Structure formats: C-alpha cells, structure tokens
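This report concerns only the one structure given below.
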Amino acid sequence: MDYNFREIEKRWQQYWVENKTYKVTEDSSKPKFYVLDMFPYPSGAGLHVGHPLGYIASDIYSRYKRLQGFNVLHPMGYDAYGLPAEQYAIQTGQHPAVTTENNIRRYREQLDKIGFSYDWSREVRTCDPDYYKWTQWAFIQMFHSYYCNQAKQARPIYELIEVFAEQGTAGLDLASTEPMEFTAEEWNGKTEKEQQEILMNYRIAYLGDTMVNWSPDLGTVLANDEVSEGLSIRGGYPVEQRRMRQWCLRVSAYAERLLEGLDSIDWSDSLKETQRNWIGRSEGAVMHFTASNDFTFDIFTTRADTIFGVTFMVLAPESELVDQLTSEEQCPAVKDYVEKTKKKTERERIADRSVSGVFSGSYAIHPFTGEQIPIWISDYVLAGYGTGAIMAVPGHDSRDYAFAKHFNLPIIPLIEGCDISEESFDAKEGIMMNSGFLNGMTVKQAIPAAIDEVEKQRLGYRKINYRLRDAIFSRQRYWGEPFPVYYKDGMPYTLDESELPLELPEVDKYLPTETGEPPLGRAKNWTIKEGYPLELNTMPGFAGSSAYYLRYMDPHNSEALVSEKANNYWRDVDLYIGGTEHATGHLVYSRFWNKFLFDLSVSCEEEPFKKLVNQGMIQGRSNFVYRIKGTNTFVSYNLKEEHDVTPIHVDVNIVHNDLLDIDAFREWSPEYTSAEFILENGKYVCGWAIEKMSKSMYNVVNPDDIVEKYGADTLRLYEMFLGPLEQSKPWDTNGIDGVHRFLRKVWNLFYKGDDLLLSDEEPSKDELKALHKLIKKVTYDIEHFSYNTSVSAFMICANDLTSLKCNKRAILSELVVCLAPFAPHISEELWHALGNDGSVCDAEWPEFNEEYLKEDAFPYAISFNGKSRYVLEFPADATNEEIEAAVLAHQNSQKWMDGKTPKKVIIVPKKIVNVVL
RNA sequence: GCUCGGAUGGUGGAAUGGUAGACACGCAAGACUUAAAAUCUUGUGGCCAUUAUAGGCUGUGCGGGUUCAAGUCCCGCUCCGAGUACCA
C-alpha cells in the first residue's frame with residue numbers, strides 16, 4: 001500500500017469533525033493552556049502559502065501541549081470589518097457583508113485542508129451582532145469611566161460627579177484632555193450641558209477636538225498606527241492634518257502601566273523596544289513663560305539645564321498660542337506662513353526638511369535673566385507633542401541650531417570646551433558654563449538641579465511626557481461597529497446596555513451623503529427613543545480585535561463578554577503567534593483595552609498575552625525567462641549574456657527546480673504559443689529573484705495546490721523546515737520533495753508493498769537510541785520554537801530506523817506520537833495501523849530517557865594547542881586520569897607531539913582532549 | 001539620524017566557547033529502464049597532494065583582543081535588512 005495522502009487526509013479531517021476531537025470545555029482537573037493566532041482579515045485574494053506559517057507553528061504547539069496533558073484552548077475567527085470590503089462595495093455595490101461572507105467561506109475551505117486543531121465551535125466574527133454587542137458594551141463602559149492617577153485605575157464616572165459636587169477638583173489627580181480647576185460651587189452652578197462638557201474632559205471614551213490624520217481619498221480619519229510616512233497603510237493614499245471633533249480613547253492615561261507591563265511579559269526584546277519607543281516616555285519639566293504682553297504660556301523641555309542658552313522660543317503653526325502671541329504688524333506675515341504650512345500634506349512636510357519660520361513680533365521674558373527672547377513660529381515644532389511650544393537652545397539642539405543659523409539668531413555655548421562652530425553639541429555630558437547657578441555642575445547634576453530651582457521659584461514643574469497619543473476612535477465609514485450613542489441637545493449619551501447590540505443599518509450607497517455626512521447618514525430612521533439622532537461614525541478596525549481573545553473563552557454568552565468562571569479558568573493567552581506589523585497597533589490597543597477591563601474586574605489578568613512569538617514574513621521567489629529583444633525567442637539563463645535580452649516574470653507554478661515546463665509556458669499565454677527556445681543541455685533554466693509575494697510578479701503559491709500535489713502533512717512540515725520561524729524568508733517550492741520523501745520513508749517503516757510488517761520484538765539498543773535522540777531534540781525544539789531543526793531530527797531518525805530495518809511497535813508508536821503535532825493526518829493513520837483506537841491526539845507525549853543515549857565507548861578528539869585533531873576511543877567509564885595517561889603514552893611513539901613535552905592536558909566533558917605543548 | 005536584527009558552501013540553513021557546514025535542496029557518478037521520469041545507492045566547502053588510500057593547508061563579512069580552544073565572548077569597522085522619525 002502506497003502512502004495515499006489524499007485519501008488519508010480526507011478521512012481523518014472528516015473523523016475530527018464527526019468526533020468533535022478538538023472541542024474543549026473548562027476542565028478543572030487539567031491545567032489549561034491557551035494558544036492563539038492573530039485572527040485574519042478575510043481578504044478577497046484568499047490565503048497564499050505565507051499566511052498559514054504562524055498558524056502551523058501554533059497548531060504544532062497546541063497539539064504538543066495537548067499530548068502533554070494540558071487542556072488546550074486553540075480558537076480561530078475573523079477580523080471581518082475593514083476598508084477593503086467597503087472599497088469593493090463602493091465600486092461594485094456589493095454589500096460588504098456578502099463579500100465578507102464569501103471570503104470567510106473561502107478562507108475556511110483553505111484552512112480546513114491544512115488540518116488545524118481549532119475548536120471551530122468557538123469561532124468569532126467581529127461583524128456579527130452577537131460579537132460586536134460586546135465591543136459596543138466596552139465602549140459604553142469607557143464612556144462612563146474616568147482615570148484616577150492616584151489609584152492608577154479606571155473608576156466609574158458617577159464617583160467623579162459626586163466628588164465634583166462636594167469639593168470640585170481640589171485634591172484630585174485625573175487623566176484629562178486639558179487641566180481644569182473649579183470649586184464645588186462653580187460645578188453646582190453649571191447647567192446639565194455645561195457639566196456634560198466638563199465630564200468629556202475626563203471620560204476614557206470622549207469626544208475631542210484634536211489634530212487628526214485625514215485621508216481625503218478614503219474620506220475618513222486614521223489612527224497614527226494606520227499611517228506611515230504620510231500615507232495610509234491600507235491603499236497608500238496621502239494623509240493630511242486637520243482639526244476635527246472625533247471620538248477618542250484615553251490610551252495615554254495608561255501609558256505608564258503599558259510601559260511597566262512590558263517587564264512582566266515574555267515578548268522579544270525588539271518588540272518590547274518598539275512599544276517602548278511608541279509610548280515614548282520622556283522625563284522633563286513644564287516651564288511657564290510670560291510674554292511682553294503679559295500673556296503666559298507653557299513649554300515642555302527635557303533639558304531644563306540649558307535654560308541659560310535659550311535665545312528664542314518657537315510655536316507650532318497649528319498652536320492656539322499663535323493668535324495670542326502675534327503682534328499686529330507681524331500678523332499678515334504670520335497668517336501667510338500658517339496658511340502655507342496648512343496646505344502642505346504630512347508627506348510634503350516630511351519630504352521638505354528645509355528650515356522655515358516667521359517671527360511673531362512678540363517676546364518672552366527669560367525667567368532667570370529677565371532678558372527679552374523673540375518668539376518665532378515654525379513647522380519643526382509639532383502641535384501634538386508637549387504644549388506645542390518650545391524654548392530653543394541652539395547651542396545644544398541640532399534642530400534649534402539649524403533654525404538659528406538660518407535666521408541669524410544668537411547661539412550660546414553652555415558646556416566647557418564644546419565646539420559649536422559647525423554643529424550643536426547635543427550630548428548630555430560635560431561641565432556647565434554661562435549658566436548662572438548651574439556653573440561647574442556636570443550635565444547629569446544640572447538637569448535635576450535646574451528643575452528643583454524652577455519648582456522652588458514656581459516657574460514650572462516636573463513632568464513626564466509621552467509620545468503615545470489618545471487613539472482616535474471614529475471613522476467616517478460604513479463597514480464598522482455603530483456607536484451605541486445618540487445626541488440630545490448636541491451632547492452625546494449612550495444607549496442602555498439592554499438596547500445592545502445596536503445593529504448596523506442598511507444604506508442605499510456606501511458613500512458619504514451629499515452634505516458630507518458619513519454613509520450612516522443615508523440610513524433610514526437612524527434615530528432612537530423620541531427621535532434622537534444616532535451617531536453617524538463607526539468604530540475603527542482595532543475596536544473589534546481588542547478583546548477577541550476574551551470572547552473566545554466564552555463565545556456564546558449572551559449575558560456577559562466573558563463569564564467570571566470561564567475567565568478565571570482560561571485567564572490569559574499563554575502563547576500568541578502573529579506578525580510584527582501589529583506591534584504598535586493592535587498590540588498596544590489590546591493591552592490598553594484589557595487593562596481597562598482588568599480595572600473593571602472583567603478580565604482577571606492585567607496583561608493579555610503572556611508570551612508572544614512573531615513569525616517572519618514569507619517573501620516570494622520569482623522566476624524569469626529571457627526574451628531576445630524584438631523576437632519571440634527565449635534563451636536559457638546561462639546563455640543570456642550572449643544576447644540582448646529582456647527578463648520577463650514567469651509563473652513559478654510552471655517552473656520546477658528552476659527548469660521551465662516549456663509546454664506549460666506555451667499554453668500560459670497566447671503570446672507565447674509559438675515561442676522558440678535556446679536551451680542548455682536540453683533544458684531551459686530560469687533566473688530568479690526574491691520579491692514580495694504578489695500576483696503581478698507571478699510568484700504567488702497557493703497552499704491548496706501544494707496540498708493537492710504533496711498533501712497537507714508535507715505542506716506543514718515544509719513550511720516549518722524552510723527556516724527559523726521568526727525569520728523572514730522566501731518561499732521556494734524547490735526542496736519540498738525532501739520532506740515528502742521523509743513521510744514516505746516513515747510510511748515504508750510500516751508497510752512493505754501492501755503488507756503491514758510490524759514486530760512485537762524488544763527494540764534493540766540502536767533503535768532505542770535513534771528514538772530517544774529524536775524525543776530529546778523534538779521536545780527541546782518545540783519548547784523553543786525551533787521547528788526547522790526538529791523536522792531535521794525526524795529525518796535523521798527515519799534514516800536511522802530505515803537502515804536498521806526497524807519495524808518494532810514499541811519504537812514506531814512513540815515515533816508516531818512525536819510526529820503527530822507536525823503531521824497529524826499520517827500520524828492518525830499509522831496510529832491506527834499500530835492497532836490503537838481513538839485519536840492519536842489523546843496519546844501521551846513520550847518520555848525521554850537519558851539511559852538510551854549512553855554509549856559503551858566514546859571517541860575522544862585529541863588536539864594540540866587547539867589544532868590538528870586525532871581521535872582515540874575510550875570506554876564510557878574511563879576516568880580523566882586514564883585518558884590523560886593514555887594520551888601521554890603516545891608522546892614518544894607518535895608524530896603527534898614532535899617529541900615535545902606537554903605542559904598541560906585538558907580533558908573537556910565534550911570528549912575533547914587538548915594537549916598544550 | 002535613532003533603535004533592533006543579521007552576515008557561515010551553488011541554495012535554504014545546523015552548531016549549551018569544544019571535531020564548523022547537521023538536515024534538506026541542487027549537482028555529479030552509479031543501479032533499475034530500450035529511453036526518460038520516478039525511485040534507490042554513493043560522493044559533494046575550497047585549494048594541494050596521491051594510481052589509490054592515508055594525508056596536508058585553508059576556511060564562518062573585515063581588523064584587533066581574551067582563551068588550551070572563538071562562527072559563538074570583548075573592542076573597532078564594512079555591508080545588508082526591519083522598524084521609527086523634526087517627540088524638544
């Protein structure tokens with residue numbers, strides 16, 4: 001009987017479905033283990049061979065943990081809201097729900113062929129009302145919460161209302177959009193609407209006027225992580241800055257906890273570093289400056305020590321301070337400059353690094369020297385960071401230096417011996433000078449000393465600033481979660497929890513309305529209660545993906561996002577596998593969202609993802625043919641230098657081991673039907689290059705085709721064999737024959753022709769050794785995600801057992817269990833061939849026994865001064881003294897030592913003897 | 001600019017400081033076959049030597065260092081990749 005993978009895989013996939021093999025429930029008698037993949041956005045193109053890489057890795061880990069006796073939660077679902085389905089809807093009129101449903105069906109078909117051990121009964125879809133009910137619910141909780149900096153947690157807003165009525169803001173330390181102070185009398189004297197407006201300053205989900213990334217082409221705002229280099233990540237459309245009223249989440253309140261939490265989780269250093277940079281904590285001070293017209297404003301600096309080097313101030317063009325600080329005669333020039341910068345898109349601003357700016361006409365007073373410092377306006381200062389204003393110290397900041405040089409402003413050196421004739425001295429080292437009370441201190445001493453003095457004289461205060469901004473949470477799009485919000489008297493109110501889910505309404509078109517409202521403005525009767533209008537924005541993509549791991553724990557619960565019982569059992573994700581592209585998006589929002597739910601006691605763990613592994617990207621490997629210019633003749637790779645040729649991409653699926661299937665090529669396109677070929681050794685050799693996997697490069701490999709040709713088990717093994725999991729690497733179907741041959745080799749250990757040849761004899765020493773070498777290596781490798789080397793270990797073991805002609809049940813059954821996480825279908829089949837019932841998934845992971853690896857005699861490598869190695873064999877129980885004596889005995893009889901007397905003999909546990917001459 | 005990775009045969013890649021190149025692809029030779037494909041066996045870093053064997057030298061991007069011993073540790077470079085970017 002041959003290894004008929006098609007039949008085997010079909011049979012066992014069916015068996016798993018019929019027997020609900022992968023269904024899990026809470027079971028307090030077993031330890032839990034939660035393995036999660038980042039759920040996919042089901043795109044129209046379907047899966048290519050790169051997508052399942054992480055899924056296979058996590059599936060192997062899940063199956064392994066299960067064999068080790070863990071109760072493994074391994075779910076899958078779809079991040080189903082998103083822009084592509086909506087863009088497609090705009091072009092074709094096709095409802096995004098239909099497109100999404102079709103895409104999901106296609107994804108599921110492809111996933112099923114690979115043999116994953118998902119518990120599909122727990123599937124979630126972010127666009128399903130039963131699911132987004134809880135996204136909306138979480139939003140309502142955020143709306144009704146504020147963040148207390150003293151308690152370091154979110155608290156219900158009604159507490160705050162009570163405190164305001166009793167004591168105003170006195171003694172409170174709250175996360176807010178802007179600082180506010182008022183008394184209880186002032187609060188109590190305000191109208192309902194005024195009070196609501198004040199509360200907006202503190203809510204964790206709030207409406208705020210902020211600078212947003214606006215994409216005119218997409219007609220929506222985007223979050224910072226959805227923009228890169230001034231272009232939208234999806235689609236690559238230009239993005240500009242606009243001030244708009246948007247829903248925001250007060251992520252910044254959690255900045256410190258998001259930073260601290262990184263120390264407690266097992267993520268790669270580079271990913272943690274990326275998050276640290278994104279959060280961007282910097283310690284410094286806010287300082288008050290007074291302008292000549294008595295208007296006071298604040299700046300933020302991390303270099304308070306350089307206060308005596310300030311020769312000018314700079315405001316961001318978008319800053320509200322600009323209006324306050326512009327003198328009358330400078331007004332036209334300033335207006336002109338501000339208009340100009342507004343017109344530039346973010347991308348143009350990045351591209352244009354030239355120095356520009358305008359004098360405001362007013363001056364600030366230096367807090368220590370009383371000197372007049374000119375105030376300038378320039379686009380190198382950002383409105384969104386700090387206070388949108390800086391004190392410029394050209395001697396010790398390169399940007400200030402460039403500005404000062406350009407506008408001929410004075411530059412003062414503050415550090416002894418520094419040379420600032422060509423560039424600023426930015427390093428935080430040296431001895432201070434020209435700095436009044438700071439003179440003689442090192443920079444490290446001067447920074448805190450300067451802030452102490454500033455605080456003492458009430459000129460400012462210590463402040464920690466974060467780069468992390470609040471997340472903009474509304475999108476002017478159709479295909480997303482509707483906000484559970486309606487407006488009364490212009491103020492937003494949330495729906496009652498009992499009114500959830502608020503379902504996405506139907507619209508006639510997916511475009512903005514004629515008056516520029518978002519698409520939901522087209523919905524009929526989009527009102528609630530006594531005709532109050534509902535919110536027209538929808539939530540962004542990250543809304544639905546921020547708590548999906550909690551929902552998998554209890555996916556059908558209609559009473560809660562997750563029950564306390566389920567949450568207390570599953571707790572958190574033990575292993576999360578996904579790509580780095582979510583480092584500053586999903587993985588920040590999700591941690592924030594979970595911390596908020598932790599404060600509400602909905603989630604019992606503060607960090608959602610204990611361990612995270614990033615799988616590398618799979619790149620494409622394109623093939624080329626070379627057409628001689630002006631002809632329809634193609635020349636083989638190594639002969640192309642003799643002709644003037646144009647390289648042309650050729651479909652990698654008609655190339656095998658870089659050899660072109662000429663007949664298939666002629667059929668590939670009518671253009672090539674009559675193509676002529678100049679061959680080498682009777683073959684057409686193609687060139688190749690590593691490029692992104694994409695249709696236009698003709699290098700997309702579909703997993704279905706691989707499964708059809710080689711089987712799912714071969715695909716799984718080969719994806720792992722390609723290289724280290726976390727490394728990016730090109731897909732190259734060449735070489736897949738190697739792992740396929742391995743599986744056949746395993747098959748042939750069981751079957752000779754049609755006969756099952758198994759023996760109940762005691763295994764030999766060599767057989768046990770081959771097996772236990774495998775068990776040791778594979779156990780270690782799975783724990784360390786070193787799957788490529790474990791596939792090698794299997795091949796070595798199969799080769800050893802083949803040459804030993806091993807057909808012992810005792811050996812083969814343990815081999816099959818080891819193989820089960822990697823190649824589940826063939827393992828099931830062989831598990832049954834061994835006479836077992838049920839599924840191999842219920843077997844036990846074999847235990848490694850060191851005894852079997854011990855040898856009778858060891859070869860020792862003998863080296864001299866670390867060179868020229870010889871080999872001597874010693875019994876396993878030989879002592880170091882015996883080995884040393886044996887080596888020295890050769891001193892005169894062999895050429896080894898050239899008659900020299902050894903100074904030292906070093907015997908290393910690794911079976912090396914080094915003789916120092 | 002900053003941060004983090006990486007550099008090992010023709011290719012993908014192995015190597016807790018201890019015989020570098022496991023395993024696989026490719027290639028070459030052989031077996032089977034009328035032939036090819038498939039399959040199996042053997043060889044395969046480079047250079048040198050030899051009828052053959054045994055062998056010698058060299059070798060992990062470059063230059064130093066530590067060590068009995070360095071792909072691995074330390075210092076200084078070069079190149080490549082990823083992320084991030086006027087964050088005061």
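Below, read A as the first sequence line, B as the second, and so on, with proteins coming before strands; counting in each chain starts at 1. Note that the coordinates shown come from a computational prediction; the quantities given were computed from them, not determined experimentally. Heavy atoms only: backbone and side chains are in, while hydrogens, waters and symmetry mates are out.
Between Asn277(A) and A85(B) there is no side-chain N or O to OP1 or OP2 distance below 4.0 Å. In this model, the phosphate group of A38(B) is not approached by any side-chain N or O of Arg744(A) to a distance below 4.0 Å at OP1 or OP2. For the OP1/OP2 pair of U84(B) and a distance below 4.0 Å, the side-chain nitrogens and oxygens of Thr274(A) include no atom meeting the criterion. In this model, the phosphate group of C25(B) is approached by a side-chain N or O of Arg741(A) to a distance below 4.0 Å at OP1 or OP2.
Looking at heavy-atom distances under 4.0 Å, Pro730(A) makes no contact with the nucleic acid at all. Nucleic acid contact class of Ser398(A) (heavy atoms, under 4.0 Å, all strands): none. Among the protein residues, Asp658(A) comes within range of no part of the nucleic acid, since none of its heavy atoms lies under 4.0 Å from any strand. As judged by a 4.0 angstrom heavy-atom cut-off over every strand, Ser792(A) is placed among the base-contacting residues. Within the nucleic acid shown, Leu722(A) comes within 4.0 Å of sugar-phosphate atoms alone, with no base atom in reach, counting heavy atoms only. Nucleic acid contact class of Asp400(A) (heavy atoms, under 4.0 Å, all strands): none.
Nearest to the side-chain atoms of Ile796(A) among the listed nucleotides C25(B), C23(B), C68(B) stands C23(B). Candidate nucleotides G18(B), A85(B), A88(B) were compared by shortest atom distance to the side chain of Arg467(A), and A85(B) ranks first. Nearest nucleotide to the side chain of Met795(A), out of A24(B), A88(B), U3(B): A24(B). The side chain of Gln727(A) approaches G13(B) more closely than any other nucleotide in the set G13(B), A24(B), A69(B). Listed nucleotides: C4(B), A69(B), G12(B). Nearest to the side chain of Phe721(A): G12(B). The side chain of Asn788(A) sits closest to A14(B) out of A88(B), C68(B), A14(B). Nearest to the side-chain atoms of Ala861(A) among the listed nucleotides G13(B), U19(B), C23(B) stands U19(B). Closest to the Val908(A) side chain, of the nucleotides G18(B), A15(B), A88(B), is G18(B).
Residues Glu691(A) and Arg621(A) are not paired through a salt bridge, judged by the lack of any N-O separation under 4.0 Å between the basic side chain and the carboxylate. In this structure, Lys773(A) pairs ionically with Asp800(A), as a charged nitrogen and a carboxylate oxygen lie closer than 4.0 Å. Ion pairing between Asp781(A) and Lys776(A) fails under the 4.0 Å rule for side-chain N and carboxylate O.
Ring planes of Tyr751(A) and Trp747(A): parallel class, angle under 30° (limits at 30 and 60°). A tilted orientation is assigned to the rings of His772(A) and Phe848(A), their planes being inclined by 30° to 60°. Aromatic ring orientation, His784(A) versus Tyr780(A): parallel (interplanar angle below 30°, classes split at 30° and 60°).
The gap from the C1' atom of G18(B) to that of G13(B) amounts to 22 Å, rounded to the nearest Å.
Tyr380(A) has its OH atom 14 Å from the P atom of C86(B), to the nearest Å.
A ring-centre distance under 6.0 Å is found for Phe407(A) and Trp376(A).
Taken together, the paired segments of RNA chain B that extend over three or more consecutive Watson-Crick or G-U pairs, each closer than 3.5 Å at both contacts, are B:1-7 with B:78-84, B:10-12 with B:23-25, B:26-31 with B:39-44, B:45-48 with B:55-58, B:61-65 with B:73-77.
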